[in-house]
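Values below: all heavy atoms of this structure, side chains included; hydrogens, waters and symmetry mates excluded. It should be emphasised that the depicted structure is a prediction, and the values quoted were computed from it without experimental measurement. A note on names: the letters A, B, ... follow the listed sequences, proteins ahead of strands, and every chain is numbered from 1.
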Amino acid sequence: GLTEKLQSTFKRLRGKGKLSEKDVNAALREVKMALLEADVNFKVVKDFISILKERAIGAEVLESLTPAQHVVKIVNEELTRLMGGEQSKINIASKPPTIVMLVGLQGAGKTTSAGKLAKLMHKQGRRPLLVAGDIYRPAAIKQLQVLGEQLDIPVFTMGDKHSPVDIAKGALQQAKSINCDMLIIDTAGRLHIDEVLMEELKAVKDHIHPHEILLVVDAMTGQDAVNVAETFNEQLGIDGVILTKLDGDTRGGAALSVRAVTNRPIKFVGMGEKLDALEPFHPERLSSRILG
Amino acid sequence: VNFRTQIDEELYEELEEILIGADVGVTTTMNLLERIRKLVRERKIKDPKELTELLKEEIAAILKDESDDIVLNQEPKVIMVVGVNGVGKTTTIGKLAHRFQEEGKKVLLAAGDTFRAAAIDQLEVWAGRANVEIIKHSAGADAAAVAYDAIVAAKSRGADVVLVDTAGRLHTKTNLMTELSKVKRVMGKAMEDAPHEVLLVLDATTGQNALSQTKIFTEAVDITGVVLTKLDGTAKGGIVIAIASEMGVPIKLIGVGEKAEDLRDFDPEEFVEALFS
Ligand SMILES: Nc1nc2c(ncn2[C@@H]2O[C@H](COP(=O)(O)OP(=O)(O)OP(=O)(O)O)[C@@H](O)[C@H]2O)c(=O)[nH]1
Ligand SMILES: Nc1nc2c(ncn2[C@@H]2O[C@H](COP(=O)(O)OP(=O)(O)OP(=O)(O)O)[C@@H](O)[C@H]2O)c(=O)[nH]1
Ligand SMILES: [Mg+2]
Ligand SMILES: [Mg+2]
C-alpha cells in the first residue's frame with residue numbers, strides 16, 4: 001500500500017541527513033499517484049496535495065526518524081477530516097411526512113437503495129411509503145413493487161402515464177391518508193447533462209419540497225464523479241449521498257471527489273444486493289480503502 | 001492545447017490531465033506520454049499540434065488493433081452478455097435485438113437473470129419492442145436451464161441469433177462467478193462451441209475498477225468483446241485503452257443512450273476525437 005511505497009521513497013533518500021522539501025515532494029508524488037489510481041478526480045487530488053504539502057514540510061516530517069509513517073499519518077488525518085464526520089441518518093421533518101428523494105445516474109442503485117432505506121426506516125420505527133417515480137425504464141415500477149412486497153412496505157404508483165410531479169403529489173396525499181410518516185421517492189436514472197430530465201427533478205422538488213435529496217453514486221465511478229455531483233448539486237441541491245456497490249474491490253476514490261465538490265455527507269453505503277445491505281458510512285474505513 | 005505555440009512541460013502536463021481526466025489511468029498515461037516524448041525527440045517535432053495528432057494516432061492504433069465486429073456466422077449464433085450490476089446488459093440486449101431484427105434476422109432472447117426483481121419483466125418489454133420471442137422460466141429458476149432451453153428452442157425454430165441475459169454480479173463474488181462459468185458450460189452442452197460470443201458490458205463512468213472486472217470476467221468466461229455503455233454522458237471511458245493494450249480484448253460496440261437505436265459499432269478514431277474534445 002501507500003506506506004510501503006513511501007518507505008521505499010524515503011529509503012532511497014536516507015543517509016542525506018535531514019529531509020529536504022525536495023524529498024517531501026517525492027513523497028507527495030507517491031500520494032498523488034495512489035489517489036489517482038484510486039479514482040479520485042485529478043483536480044481534487046491537486047487541491048488535496050497542496051493542503052498536505054503545507055503540513056508535510058513542517059518539522060514534524062523533516063525531523064522525524066520515521067518520515068514515511070508520518071506522511072501516511074498526515075494523509076490519513078487529512079483524508080478523514082475531508083470525508084467529514086459520520087452523519088448516517090435521515091433528518092426527520094418536524095411535521096410528517098418526511099420526504100426523501102433518491103436521484104442519480106442510470107444504474108447507480110437508486111431503486112435498490114430505496115428498498116434498503118425503507119427497510120432501515122421501518123426497523124427504526126417509521127412507516128415509509130415507497131413511491132414509484134420512474135415512468136421510463138421498462139418494468140421499473142414492477143421492480144419497486146416486488147421490493148415493497150418482499151419488505152411488506154406499501155408502494156405508491158400511478159403507472160407510467162402520469163408525470164413524476166403528479167405521482168409525488170399523489171403519494172403525499174396517500175401518505176397522509178394511510179398514516180405513513182415518510183415518503184421515499186424513487187426517480188428515473190438520468191444524465192446530469194440532460195436538461196429536460198433535470199428540469200423534471202426540479203419540478204418535483206418545487207412541488208413537494210423534499211426534506212432530503214440523496215444522490216446515489218456507484219462507488220466504482222471514475223473521474224466523472226466530480227461532474228455528476230457538481231451538476232446535481234448546483235441544479236437541484238443535494239443533502240447527502242448514498243455510495244453503492246462498495247462490496248466490490250473498487251478503491252472508491254469517487255467518494256472523496258463527491259465530498260470535495262459538494263461538501264455534502266455520504267450518509268450510507270450499499271454493501272450488497274440484498275435489502276439489508278445498507279450500512280452507515282465510516283469515513284476512516286473509506287480513507288484507508290482509498291489509500292490502498 | 002489548441003492555442004499552444006511550443007512544445008514544453010506545460011503542454012505535457014495539459015495532455016496528462018486530459019488523459020487522466022478521461023480515466024485512461026496513471027500507468028497507461030505515463031506510458032503513452034513517454035512514447036510521445038521519444039518520438040518527439042527522434043523526429044525533432046516542434047509543432048504542438050503535430051504532437052497532439054501523434055498522441056491521438058498512437059491511441060487509435062492501440063484501439064484499432066483490437067476492434068472487431070459481431071458476425072452472425074452460426075446457426076444460431078449464441079451471444080452471452082455479462083458484467084457487473086447496472087452497467088446496461090439488459091438494455092444492450094434490447095438494442096442488439098432491435099438491430100438484428102432490422103437486418104431481417106430471427107432473434108430469440110433468453111431471460112437468464114432469474115435473480116433480480118423484475119429482471120424478466122424488463123427483458124420482456126424489450127422483446128415486445130423489438131417484436132422478438134423470449135424464452136423465460138419463473139423468477140428464481142436455474143439460469144443455466146434458461147440458457148440451455150433457449151439454445152434448444154433457437155435450433156428448432158431456426159433462429160439466427162440467441163441473446164442470453166445474465167444477472168449482474170460483482171467480479172469479487174466467487175460463488176457468482178462460478179455460477180456464470182457453469183451457465184457457459186451448460187450452453188456448450190446445448191450446442192457445441194456455444195456461446196460463440198461473450199460480451200462484457202462496461203459502464204463508461206467506471207474508473208480503474210474496469211480493469212479488474214475485465215481480468216476476472218475473462219478468467220471466468222473468456223470474453224470475446226466489450227460493449228462500452230453510457231458514452232452519451234460526460235465520462236470518456238478512457239479505461240478501454242488499457243484494456244485493449246494490456247488484455248487484448250476487442251472493443252466491439254458502444255451504448256450512447258437508452259433507446260433501442262442507441263447502439264453503435266466501436267470506431268477508434270471517433271472515440272479518440274471525443275476523448276480530446
Ligand atoms: N453488489 C451490489 N449491487 C448493488 C448495490 N446496489 C444496487 N445494486 C445492484 O445494481 C443494479 C442496479 O440497481 P438499481 O437499483 O436497478 O439501479 P437504479 O439506479 O435504480 O437504475 P436505473 O433506475 O436504471 O437508473 C442491480 O443489479 C442491483 O441489484 C450494492 O450496494 N451492491
Ligand atoms: N444514458 C445511457 N443509459 C444507459 C445506456 N445503457 C443502459 N442505460 C441505462 O442504464 C440503466 C441500467 O441498465 P440495465 O440494462 O438494467 O443494466 P443491467 O446491466 O442489465 O443491470 P443489472 O441486470 O441490474 O445488473 C437503465 O436505466 C438503462 O436505461 C447507455 O448507453 N446510455
Ligand atoms: Mg431504478
Ligand atoms: Mg439486467
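When all heavy atoms are compared, the tightest approach of A/Val146 to B/Ala117 is CG1-CB, 3.7 Å. Across all their heavy atoms, B/Ala118 and A/Ala139 have their closest contact at CB-O, 3.8 Å.
By the neighbour-count criterion of 12 heavy atoms within 6.0 Å, atom NZ of A/Lys5 is densely surrounded, having more than that number from other residues, nucleotides or ligands. Enclosure of atom CZ in A/Arg29 is not indicated, since only 12 or fewer non-hydrogen atoms of other residues, nucleotides or ligands lie within 6.0 angstrom. Counting heavy atoms of neighbouring residues, nucleotides and ligands inside a 6.0 Å radius, atom CD of B/Glu10 does not exceed 12 of them. Counted within 6.0 Å of NE2 on A/His122, heavy atoms from surrounding residues, nucleotides or ligands total 12 or fewer; the atom is thus considered open. Enclosure of atom NZ in A/Lys274 is not indicated, since only 12 or fewer non-hydrogen atoms of other residues, nucleotides or ligands lie within 6.0 angstrom. Other residues, nucleotides and ligands place more than 12 heavy atoms under 6.0 Å from the CG atom of B/Asn175. The neighbour count for B/Lys56 NZ, taken as heavy atoms of other residues, nucleotides or ligands under 6.0 Å away, is above 12. Heavy atoms from other residues, nucleotides or ligands lying under 6.0 Å from NZ of A/Lys267 number more than 12.
Neither the backbone nor the side chain of B/Val87 comes within contact range of chain A; no heavy atoms are under 4.5 Å apart. The contact between A/Arg137 and chain B is made entirely by side chain atoms (from C-beta outward), counting heavy-atom distances below 4.5 Å. Contacts of B/Glu16 with chain A are made by side-chain atoms alone, with heavy-atom separations under 4.5 Å and no backbone atom involved. In this structure, chain B has no heavy atom under 4.5 Å from any part of A/Ile141. Interface remark: B/Lys173 contributes side-chain atoms only to the contact with chain A (heavy atom separation under 4.5 Å). With a threshold of 4.5 angstrom between heavy atoms, A/Glu273 approaches chain B through side-chain atoms but not through N, CA, C or O.
Among B/Ile120, B/Asp232, B/Asp203, B/Ile239, the residue making the largest number of heavy-atom pairs under 4.5 Å with chain A is B/Asp232. Per-residue counts of heavy-atom pairs under 4.5 Å with chain B were compared for A/Leu36, A/Asp249, A/Thr111, A/Thr221; the largest is that of A/Asp249. Ranked by heavy-atom pairs shorter than 4.5 Å toward chain A, the options B/Asp23, B/Val26, B/Thr172 are led by B/Asp23. Taking chain B as the reference chain and counting heavy-atom pairs below 4.5 Å, the highest number among A/Gly115, A/Ala108, A/Pro138 is found for A/Pro138. Highest contact tally toward chain A, considering only B/Thr90, B/Asp121, B/Val125, B/Thr27, is held by B/Asp121 [criterion: heavy-atom pairs under 4.5 Å].
Under the 4.5 Å side-chain criterion, counting only non-hydrogen atoms from C-beta, B/Glu17 is in contact with A/Lys46.
A/Gln143 and B/Gln122 form no side-chain donor-acceptor contact under 3.5 Å, judged by distance and modelled atom types alone.
Screening B/Thr234, B/Thr205, B/Thr206 against A/Asp224 for a side chain to side chain donor-acceptor pair (under 3.5 Å) leaves a single residue, B/Thr234.
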Stepwise side chain to side chain contact (heavy atoms under 4.5 Å, CB included) test for A/Gln223 and B/Gln208: CA-CA 10 Å; A/Gln223 299 287 308; B/Gln208 300 306 300; over 6 Å; no
